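Worksheet: one structure, shown below.
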Amino acid sequence: MTLDRSPGLAESARALAAREVTARELVEQALARIEASQESLNAFRIVRTRAALAEAEAADGELAAGIRKPLLGVPVAVKDDMDVAGEPTAFGCRGEFPAVARDGEAVRRLRAAGAVIVGKTNTCEFGQWPFTEGPAFGATRNPWSPEHTPGGSSGGSAAAVAAGLVPAALGSDGAGSVRIPAAWTHLIGIKPQRGRVSTWPRGESFQGITVNGTLARTVADAALLLDAASGNHDLDPHRPPAVNAFEAVGRDPGRLRIALSLKPPFTAAPARLLPEVRARVVQLAEQLSGLGHHVEEADPPYGQIGLTFVPRATAGIAERVREAPFPTLLDRRTLGAARLGGLLGGVPLRAARRAEAVLHRRIGGFFTSYDVVLAPTTAAPPPRIGALANLGGLATDRAMIAACPYAWPWNVLGWPGVNVPAGFVTGGLPVGAQLLGPANSEPLLLSLAAQLETELRWHETWPPQPVASESAVAQGH
């Protein structure tokens with residue numbers, strides 16, 4: 001196992017259990033990769049060097065004693081909107097934040113599975129945008145093209161996994177924030193059923209539209225991390241029935257009815273699927289057809305679903321701004337969104353929450369005719385670093401809608417979605433496609449994604465060179 005790139009999550013766990021490598025060696029290698037890449041890639045807000053090494057030593061002791069846990073001694077990363085005891089949770093904001101006293105529930109469960117948290121990855125301010133940059137930490141770059149964003153808001157986690165710094169990472173997804181960066185960095189990104197992975201100490205995050213999910217290079221690794229992080233705090237309001245995601249990866253999905261949906265859902269601004277991205281998604285549909293599935297074009301009956309998203313998203317931002325210790329340091333776009341959330345936080349928010357049940361029935365009916373929806377994850381490849389940095393609030397919203405009109409409806413519904421790599425467009429930039437299903441359909445989506453992966457072997461393709469030896473950024477690009 002070399003320094004250049006991390007072995008996969010399942011492979012790391014297997015090698016540790018077989019005593020082919022120690023946890024300290026794996027964690028030291030991950031920390032060395034992070035250090036070597038931080039100046040060029042900038043994936044991490046916090047690196048837990050001393051704590052991670054101590055946790056690796058403890059894991060080696062447990063392994064030597066014959067203790068077995070799913071991820072015992074394996075290094076992973078989490079997004080910096082998740083509480084890790086002894087570390088601050090800045091969530092992309094400027095300022096000096098105090099260390100939190102306790103792990104969030106998802107992190108607690110990762111630790112219970114034996115994982116070593118090597119650091120917390122960068123995210124844009126309150127996770128609002130599909131890029132990962134800002135005055136708090138600079139810009140996180142895409143390992144496939146350092147001049148481009150890895151996406152957001154889980155861009156730090158995506159960059160870290162795509163570059164091979166760690167085998168897998170947790171992110172969060174409130175409007176595509178796991179799936180979008182997964183698409184733009186050639187990864188598997190799982191947005192699970194609401195409540196599958198706890199967001200505690202918040203029972204709901206952003207009025208229930210944001211869930212925690214996983215990013216990895218393979219379906220099996222993303223599923224393994226999902227199983228390790230899954231479960232609920234006693235006070236969680238959403239408690240879906242348990243699923244075994246990792247077991248589903250090895251299952252034949254059977255012959256499925258797949259709806260190819262290329263039309264953007266309701267948007268308040270123009271959105272157009274770029275021809276190159278469309279071609280990659282259609283090619284994936286043809287490959288699914290070649291695997292024996294019935295694929296035809298059909299769009300879910302979204303209706304005016306956007307009217308239910310905006311009150312929940314902006315009310316969620318308003319809640320975060322009210323809690324922010326340094327409100328004067330926040331982006332003007334954040335403050336504008338919070339003002340809108342204040343206006344929409346009463347009757348419109350309650351109406352938006354009530355509308356979810358209606359949407360479940362209407363769009364749920366679509367799944368009597370189809371098993372899975374295949375849709376683009378984004379309408380465009382990743383933009384360049386800084387392209388959205390200095391825009392006003394309305395211009396930023398329009399740019400976001402133009403690039404990313406496809407992911408957010410499943411956040412309103414609270415149902416699972418999985419990004420799979422769809423190939424590359426001009427400039428070698430990755431794009432992705434979403435497999436979307438009804439409530440609690442993670443096993444079906446993952447078995448289908450794994451079938452595609454076996455056929456297409458996308459995980460065997462890496463960024464052009466290891467980020468540890470990346471010189472383009474250092475030379476001024």
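Predicted model, so just to flag it, every value in this text is computed and none were measured. Numbers here are sequence positions counted from 1.
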- [ ] Take T334 and Q128, measure what side-chain hydrogen bond (donor to acceptor under 3.5 Å, both in side chains) needs, and give me the verdict at the end.
- [x] CA-CA 8 Å; T334 301; Q128 298 169 83; 2.8 Å; yes
Task: Steps toward side chain to side chain contact (heavy atoms under 4.5 Å, CB included) verdict (L224, L71) - done: CA-CA 9 Å; L224 181 60; L71 298 178; 3.8 Å; yes
Task: Sequence neighbours excluded, every pair satisfying side chain to side chain donor-acceptor pair (under 3.5 Å) that has a member inside residues 392-410 - done: R333-T396
Open item on the list: Any side-chain to backbone donor/acceptor pair from N419 onto L187? Under 3.5 Å, distance only.
Closed with: yes
- [ ] Could you go through the side chain to side chain contact (heavy atoms under 4.5 Å, CB included) check for L456 and L284 one step at a time?
- [x] CA-CA 10 Å; L456 301 178; L284 206 59; 3.6 Å; yes
Task: ring pair (Phe, Tyr, Trp, His ring centres under 6.0 Å) pairs, two or more places apart, involving residues 152-199 - done: W144-H186, H186-F424
TODO: Drop me the distance from D103's CG to I117's CD1, to the nearest 0.5 angstrom.
DONE: 7.5 Å
Task: Heavy-atom pair with the smallest gap, counting every atom of V166 and P75 - done: CB-O, 4.4 Å
Task: Backbone of A168 reached by a side-chain donor or acceptor of R217 within 3.5 Å - done: no
- [ ] Examine distances only and state if a side-chain atom of R362 and a backbone atom of Y302 form a donor-acceptor pair shorter than 3.5 Å.
- [x] yes
TODO: To the nearest 0.5 angstrom, please state how far the NE2 atom of H148 sits from the OG1 atom of T185.
DONE: 14.0 Å
Task: Test log, rule side chain to side chain contact (heavy atoms under 4.5 Å, CB included), inputs L436 and V372 - done: CA-CA 6 Å; L436 303 169; V372 173; 5.9 Å; no
Open item on the list: Determine whether a donor-acceptor pair (N or O, by modelled atom type, separation under 3.5 Å) exists between the side chain of D221 and the backbone of A10.
Closed with: yes
- [ ] Could you tell me whether a side-chain N or O of T214 sits under 3.5 Å from a main-chain N or O of A222, the two making a donor and an acceptor?
- [x] yes
- [ ] State whether the side chain of T132 and the backbone N or O of G151 hold a donor-acceptor pair below 3.5 Å, judged by distance alone.
- [x] yes
TODO: List for me each residue that meets side-chain hydrogen bond (donor to acceptor under 3.5 Å, both in side chains) alongside R312, sequence neighbours excluded, and say none if there are none.
DONE: E356
TODO: To the nearest 0.5 Å, tell me how far I190 CD1 sits from L215 CG.
DONE: 9.0 Å
TODO: For Q38, enumerate each residue passing the side-chain hydrogen bond (donor to acceptor under 3.5 Å, both in side chains) test, keeping only those at least two apart in sequence or located in another chain.
DONE: N42
Open item on the list: Show me the pairs that pass side chain to side chain donor-acceptor pair (under 3.5 Å) and involve residues 441-453, at least two apart or across chains.
Closed with: R196-E442, H293-Q451, E453-W458
Task: For H238, ring-ring contact (aromatic ring centres under 6.0 Å, His included) partners two or more places apart - done: none
TODO: Check for a donor-acceptor pair, side chain of R194 on one end and backbone N or O of V412 on the other, with a separation under 3.5 Å.
DONE: yes
Task: Partners passing side-chain hydrogen bond (donor to acceptor under 3.5 Å, both in side chains) against R278 (at least two apart in sequence or in another chain) - done: none
Open item on the list: Please report the interatomic distance CG(L435) to CG(L444), rounded to the nearest 0.5 Å.
Closed with: 9.0 Å
- [ ] May I have the step-by-step check of side chain to side chain contact (heavy atoms under 4.5 Å, CB included) for D83 and V107, ending in yes or no?
- [x] CA-CA 7 Å; D83 287 350; V107 172; over 6 Å; no
Run the side-chain donor-acceptor check on residues 242-249: report pairs under 3.5 Å with partners two or more places apart or on a different chain.
from, atom 1, to, atom 2, distance (Å)
N244, OD1, F246, N, 3.4
N244, OD1, E247, N, 2.8
E247, OE1, R251, NH2, 3.3

Task: Short N-O contact, R280 and E276, less than 4.0 angstrom - done: no
TODO: Quick one: list whatever passes side-chain hydrogen bond (donor to acceptor under 3.5 Å, both in side chains) with S198, sequence neighbours left out.
DONE: D236
Identify every side-chain donor-acceptor pair in residues 169-176 under 3.5 Å, counting partners at least two apart or on other chains, and give the distances.
from, atom 1, to, atom 2, distance (Å)
S172, OG, K79, NZ, 2.8
S172, OG, D81, OD2, 2.6
D173, OD1, G176, N, 2.7
D173, OD1, S177, N, 3.4
D173, OD1, R179, NH2, 3.0
D173, OD1, N411, ND2, 3.0
D173, OD2, V178, N, 3.2
D173, OD2, R179, N, 3.3
D173, OD2, R179, NE, 2.9

Open item on the list: Donor-acceptor pair, distance only, cut-off 3.5 Å: does the side chain of N142 make one with the backbone of T149?
Closed with: yes
Open item on the list: Does either side chain, that of T199 or that of N212, offer a donor lying less than 3.5 Å from an acceptor on the other one?
Closed with: no
Task: Under-4.0 Å salt bridge between E11 and R14 - done: yes
- [ ] Check for a donor-acceptor pair, side chain of T368 on one end and backbone N or O of G365 on the other, with a separation under 3.5 Å.
- [x] yes
Open item on the list: Please determine whether a side-chain nitrogen of the Lys or Arg among K120 and D80 lies less than 4.0 Å from a carboxylate oxygen of the Asp or Glu.
Closed with: yes
Task: Donor-acceptor pair, side chain of R141 and main chain of P146, under 3.5 angstrom - done: yes
TODO: List for me each residue that meets ring-ring contact (aromatic ring centres under 6.0 Å, His included) alongside F91, sequence neighbours excluded, and say none if there are none.
DONE: F126
Open item on the list: List the residues meeting ring-ring contact (aromatic ring centres under 6.0 Å, His included) with H233, not counting sequence neighbours, and say none if there are none.
Closed with: W200
Open item on the list: Check this for me, if you would: do R257 and D371 make a salt bridge, where the nitrogen-to-carboxylate-oxygen distance has to be below 4.0 angstrom?
Closed with: yes
